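Working notes, structure below.
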Amino acid sequence: MENHHVLFSAAVFILCLSLHCTGSEENFVYSSFADAGEANLALDGAATITPEGLLQLTDKVANIQGHAFYPTPFQFKKQPNGTVQSFSVAFVFGIFSPYPDASTDGMAFVVAPNKSFPGASSAQYLGLLNSSNNNNTSNNMFAVEIDTAQNNEMNDIDSYHIGVDINSLISEKSHPIGFYDDKHGGVFKNLTLECSNCKRFQVWVDYNGETTQINITLAPIKVQAKPTRPLLSVIFNLSTVLTDKAYIGFSAATGPITSRYYVIGWSFAMNAPAPAIKIARLPRLPCPRDNSLQKILKITLPIVNAALIFAIIILLVRRQQRYAELREDWEVEFGPHRFSYKDLHNATEGFKSKHILGTGGFGKVYKGVLRKSKMEVAVKKVSHGSNQGMKEFISEVVSIGHLRHRNLVQLLGYCRRKGELLLVYDYMSNGSLDKYLYGEDNKPVLDWTQRMQIIKDVASGLFYLHEKWDKVVIHRDIKASNVLLDSEMNARLGDFGLARLYDHGTNPQTTHLVGTMGFIAPELARTGKASPLTDVFAFGTFLLEVTCGRWPVSNSAHHGRKMLVDWVLQHWHRGSLLETVDPKLHGIYNDDEVCLVLTLGLMCSHPIPNARPIMRQIMQYLDGDAPLPEFTPANLSSSLLAMMQDEGFDPYVAQYPWSANSLGTMTPEILSGR
Ligand SMILES: Nc1ncnc2c1ncn2[C@@H]1O[C@H](COP(=O)(O)OP(=O)(O)OP(=O)(O)O)[C@@H](O)[C@H]1O
Ligand SMILES: *[C@@H]1O[C@H](CO)[C@@H](O)[C@H](O)[C@H]1NC(C)=O
Ligand SMILES: *[C@@H]1O[C@H](CO)[C@@H](O)[C@H](O)[C@H]1NC(C)=O
Ligand SMILES: *[C@@H]1O[C@H](CO)[C@@H](O)[C@H](O)[C@H]1NC(C)=O
Ligand SMILES: *[C@@H]1O[C@H](CO)[C@@H](O)[C@H](O)[C@H]1NC(C)=O
Ligand SMILES: *[C@@H]1O[C@H](CO)[C@@H](O)[C@H](O)[C@H]1NC(C)=O
Ligand SMILES: *[C@@H]1O[C@H](CO)[C@@H](O)[C@H](O)[C@H]1NC(C)=O
Ligand SMILES: *[C@@H]1O[C@H](CO)[C@@H](O)[C@H](O)[C@H]1NC(C)=O
Ligand SMILES: *[C@@H]1O[C@H](CO)[C@@H](O)[C@H](O)[C@H]1NC(C)=O
């Protein structure tokens with residue numbers, strides 16, 4: 001009997017540890033909800049009690065709400081129409097957001113006439129009200145909101161605050177989450193959301209019925225004693241708000257972020273301080289262990305990884321782009337002549353502008369030194385739009401690359417990129433002839449013997465292209481700037497075959513004329529068709545250019561455009577040919593050679609292709625192996641007439657390059673009927 005009594009008392013005592021049993025239903029304490037089954041909390045929505053003993057108000061779902069209320073109402077007013085008595089609430093809450101620094105939307109401790117909220121909205125309405133009944137006095141509701149999202153509609157002060165709500169989610173007063181730390185002289189400690197996620201906090205709500213003061217106090221769970229200074233203090237007469245009997249409980253709602261809101265402990269007392277929650281008994285939140293190193297690693301590792309991968313990708317892409325080339329199947333057969341872009345890039349130090357040797361009609365030419373062989377090269381960057389005819393062109397360039405002659409600039413190979421072709425040539429240390437002729441870059445004046453040698457060199461190079469190889473190669477752009485001088489001052493013809501790129505590559509409708517003004521044979525201008533004889537025509541102009549030291553076309557103020565050929569021919573007619581010789585030679589030259597070269601130049605510049613000598617003959621004349629045939633412009637007229645009747649006359653002839661009065665009586669103007 002005695003034993004029975006002791007056992008019964010012990011059971012009551014244990015029960016009373018969690019459930020404050022004194023004073024009927026006027027107070028209670030839950031230090032865990034695992035043993036609150038008896039209390040029979042009214043749950044709805046997403047609210048559940050987890051096996052660990054947590055009251056979980058929302059689950060991992062967006063825009064949901066959950067409610068948990070004490071099953072029976074409390075008598076807030078002792079007498080009907082009386083005043084609301086003093087009361088005190090304490091609870092421990094926690095938030096578990098999938099993001100460290102953001103959460104939606106919030107939770108609240110609520111005193112309301114009903115424990116269910118049909119029609120209430122989630123998100124900023126926290127599952128309590130909706131847009132139509134917000135701030136309506138008939139709500140009879142008092143709430144303490146813990147709002148984790150800033151909402152302008154509710155005049156929220158920030159994204160993590162606590163507020164006193166009367167009938168409305170627009171708080172009477174609110175404050176950023178934090179506490180006044182008694183241990184440090186009562187200074188305010190700001191608890192931002194990012195360091196609050198997954199931590200537990202205790203909140204005290206105290207109402208004094210006489211002074212109508214509402215105090216809200218908050219502290220992290222490790223600060224066990226209630227701070228002396230409340231976070232928020234509001235004077236509001238709840239007697240004008242609450243119904244005589246009212247339910248107390250919690251509500252929470254999610255917005256777009258699927259945060260979970262938890263109540264971990266809860267106590268309440270009417271007319272007395274809320275019983276202390278036993279902090280040590282409180283269950284933990286189902287969060288990853290708060291190991292700060294782990295946490296830092298967890299946050300930083302993916303960022304570091306992503307950054308590393310990103311950096312590597314950027315590097316690879318940039319490298320790829322920098323050295324990207326175009327290669328096609330058909331190019332395999334030309335493999336050995338292909339340079340890698342990387343090698344050329346390295347050789348020219350990334351195509352630095354200080355390595356530019358010159359800029360021509362096709363693009364820039366760079367000096368480079370190949371890494372492995374230490375060989376000096378000239379890299380010509382040719383930009384081209386279309387891919388059309390590229391195969392033919394490259395195969396031609398490559399086959400031309402097999403050409404080897406002491407008077408040709410050796411083409412070593414090529415490299416192809418998108419819209420760009422790089423041609424690699426032997427480097428010619430003395431640069432191009434035009435610089436000597438016109439005294440650019442402080443180049444010395446070439447004497448006649450040097451000039452004669454250069455003329456013979458170019459002739460032999462061109463002869464080789466025309467006749468010494470298994471197929472005829474037309475140079476298409478003979479002129480002083482395409483004649484380069486090697487270290488021994490040997491002249492070498494450069495750029496051969498390159499003009500074909502334009503023949504192949506461009507739109508046939510816009511017949512792009514390749515060549516340089518003054519060097520274009522009339523039939524080339526007319527038909528666009530290059531032949532060895534159009535090369536001879538240009539060579540003729542070149543002979544005059546070298547001997548006279550003048551541009552093939554000059555613009556004079558008095559006479560308009562003046563052709564060098566016309567001018568030399570005039571002197572030929574007058575018998576004053578030697579007056580055309582470059583004055584920079586100071587009269588020091590071999591008269592016979594000069595006359596030979598000038599006359600040969602005129603013969604080569606004959607408007608009728610068949611009247612021009614071929615390169616084989618030119619070589620013989622220059623070497624003195626055959627006498628120069630008598631040059632009589634008179635016999636031009638008959639052949640000119642024959643040609644015109646043959647092919648149909650095109651007035652274009654008149655403009656190139658013999659503007660005709662030099663032809664005597666038979667001027668193209670007369671013939672054309674103008
Ligand atoms: N192999 C080379 N070695 C040394 N310098 C060169 C070489 N090739 C070209 N150059 C220099 O680069 C300049 C430009 O060459 P490029 O052949 O592109 O132009 P161009 O002959 O003046 O005009 P176009 O493109 O119409 O033929 C030349 O004048 C010359 O000074
Ligand atoms: C309480 O007040 C209401 C109106 O405010 C009145 O109708 C009611 O009779 C009052 N009850 C008591 C018991 O005074
Ligand atoms: C609470 O709500 C339920 C259902 O909406 C209703 O039946 C009940 O009368 C309400 N109680 C109070 C006190 O308003
Ligand atoms: C707002 O809530 C009230 C009470 O819960 C309900 O009667 C009403 O229909 C709701 N309004 C809307 C727009 O949901
Ligand atoms: C809420 O309603 C009260 C009157 O009931 C009014 O004075 C107050 O301005 C309203 N607040 C808002 C934010 O609408
Ligand atoms: C407040 O709610 C009551 C009852 O739901 C309604 O009759 C009244 O019109 C509402 N007041 C306002 C200002 O919306
Ligand atoms: C608390 O910290 C947050 C973030 O650092 C800041 O935006 C806010 O203004 C601070 N609040 C107070 C009251 O110091
Ligand atoms: C509110 O806090 C103030 C300051 O600490 C205190 O003087 C007052 O008694 C408190 N009121 C209640 C209802 O706790
Ligand atoms: C609070 O309101 C009630 C009823 O409106 C009133 O009787 C009481 O005197 C008020 N208390 C204070 C402190 O104003």
Side-chain angles (χ1 to χ4, degrees), residues 76-90 137 164 180 182 186 204-217 226-242 244 269 271-274 355-369 375-383 408-412 421-438 440-441 443 475-487 491-499 501-502 513-517 519-520 538 542:
F76 278 88
K77 292 177 184 172
K78 249 190 187 134
Q79 293 93 33
N81 293 352
T83 57
V84 169
Q85 311 174 73
S86 296
F87 64 87
S88 175
V89 182
T137 50
V164 172
Y180 293 97
D182 289 331
W204 293 266
V205 179
D206 299 291
Y207 178 70
N208 184 324
E210 276 145 40
T211 61
T212 70
Q213 186 175 39
I214 306 162
N215 280 358
I216 314 290
T217 314
K226 180 179 168 186
T228 50
R229 185 172 168 192
L231 189 60
L232 258 178
S233 193
V234 178
I235 304 282
F236 204 103
N237 192 343
L238 289 184
S239 305
T240 62
V241 177
L242 298 180
D244 295 357
N271 290 312
H355 295 306
I356 293 178
L357 289 168
T359 306
F362 294 101
K364 291 192 171 70
V365 181
Y366 297 83
K367 185 190 173 174
V369 179
M375 187 180 181
E376 287 183 316
V377 292
V379 182
K380 189 165 198 157
K381 258 186 156 186
V382 181
S383 53
L408 295 180
V409 178
Q410 185 64 43
L411 176 73
L412 302 171
L421 178 71
L422 296 115
L423 296 169
V424 185
Y425 292 98
D426 260 344
Y427 173 66
M428 299 288 115
S429 55
N430 282 313
S432 53
L433 177 62
D434 56 333
K435 303 216 168 91
Y436 292 84
L437 290 182
Y438 306 111
E440 286 167 31
D441 296 353
K443 295 284 189 194
H475 186 286
R476 289 157 203 264
D477 199 10
I478 296 190
K479 56 177 173 175
S481 71
N482 274 340
V483 171
L484 294 151
L485 299 167
D486 68 16
S487 52
R492 289 169 179 257
L493 204 41
D495 261 5
F496 43 90
L498 195 54
L501 181 62
Y502 284 83
L513 195 60
V514 179
T516 304
M517 186 66 181
F519 293 90
I520 300 167
F542 168 75

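This structure is a prediction, so every number in the text was calculated from the model and none was measured. Because only heavy atoms are used, hydrogens play no part in the values below, and waters and symmetry mates are left out as well, while side chains stay in. Note that ligands are numbered from 1 as they come in the structure, with each ligand's atoms numbered from 1 the same way.
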Just by distance, do the side chain of [X] and the backbone of [Y] share a donor-acceptor pair under 3.5 Å?
X: Y427; Y: V369; answer: no
X: Y366; Y: G358; answer: no
X: D182; Y: T228; answer: yes
X: N237; Y: S239; answer: yes
X: D426; Y: V409; answer: no
X: H475; Y: G494; answer: yes
X: D244; Y: K77; answer: no

Would one find an N or O of T240, backbone or side chain, under 3.5 Å from an N or O of ligand 9?
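No; every N/O pair is 3.5 Å or more apart.
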
Ligand-residue contact atoms, ligand 1 with [X], heavy atoms, under 4.0 Å:
X: N482; answer: 17 (O), 20 (P), 21 (O), 27 (O)
X: A378; answer: 1 (N), 2 (C), 3 (N), 7 (C)
X: K380; answer: 16 (P), 17 (O), 18 (O)
X: S481; answer: 20 (P), 21 (O), 22 (O)
X: Y427; answer: 3 (N), 4 (C)

Verify whether the ring centers belonging to F87 and F76 lie closer than 6.0 Å.
yes

Regarding [atom]: of the candidates [options], which has the closest heavy atom?
atom: atom 1 (N) of ligand 1; options: L423, L484, D426; value: D426
atom: atom 9 (C) of ligand 1; options: V365, I478, T359; value: V365
atom: atom 11 (N) of ligand 9; options: T83, N237, V241; value: N237

Check if K479 has a non-hydrogen atom at a distance under 4.0 Å from any atom of ligand 1.
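K479 counts as a contact of ligand 1 under the 4.0 Å cut-off.
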
K435 to ligand 1, any heavy atom closer than 4.0 Å:
yes

How many angstroms lie between atom [atom1] of [X] and atom [atom2] of [Y], to the nearest 0.5 angstrom?
X: K381; Y: K364; atom1: NZ; atom2: NZ; value: 8.5 Å
X: L242; Y: T83; atom1: CG; atom2: OG1; value: 11.5 Å
X: R492; Y: L485; atom1: CZ; atom2: CG; value: 10.5 Å
X: L412; Y: Q410; atom1: CG; atom2: CD; value: 6.0 Å

Output yes when a protein non-hydrogen atom is found under 4.0 Å of atom 14 (O) of ligand 8, and no otherwise.
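Yes, at least one protein heavy atom sits under 4.0 Å from atom 14 (O) of ligand 8.
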
Close N or O approach ([X], ligand 1; < 3.5 Å):
X: Y425; result: no
X: D434; result: no
X: V409; result: no

With heavy-atom distances below 4.0 Å as the criterion, list the atoms of ligand 8 near P230.
2 (O), 4 (C), 5 (O)

Heavy-atom contacts with D206 under 4.0 Å: which atoms of ligand 8 show up? List them by number with element.
13 (C), 14 (O)

So which bit of T228 gets within less than 4.0 Å of ligand 8, heavy atoms only: side chain, backbone, both or neither?
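Looking at T228 and ligand 8, just backbone atoms fall under 4.0 Å.
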
Just let me know how N208 lines up against ligand 8, side chain, backbone, both or neither, with a heavy-atom cut-off below 4.0 Å.
both

[atom]: which protein heavy atom is closest, and how many Å away?
atom: atom 7 (O) of ligand 8; value: Q213 OE1, 4.9 Å
atom: atom 2 (O) of ligand 8; value: N215 ND2, 2.3 Å
atom: atom 4 (C) of ligand 9; value: S239 CB, 4.2 Å

Say whether N271 and S86, considering side chains only, have a donor N or O and an acceptor N or O under 3.5 Å apart.
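There is no such pair between these side chains.
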
Atom indices of ligand 9 within 4.0 angstrom of E210 heavy atoms, with elements:
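Every atom of ligand 9 under 4.0 Å from some heavy atom of E210: 13 (C).
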
Ligand 9 atoms nearer than 4.0 angstrom to some heavy atom of T212 are 13 (C)

With a distance cut-off below 6.0 Å to the six-membered ring centre and an angular limit of 45° from the axis, does K479 pair with F542 as a cation-pi contact?
no

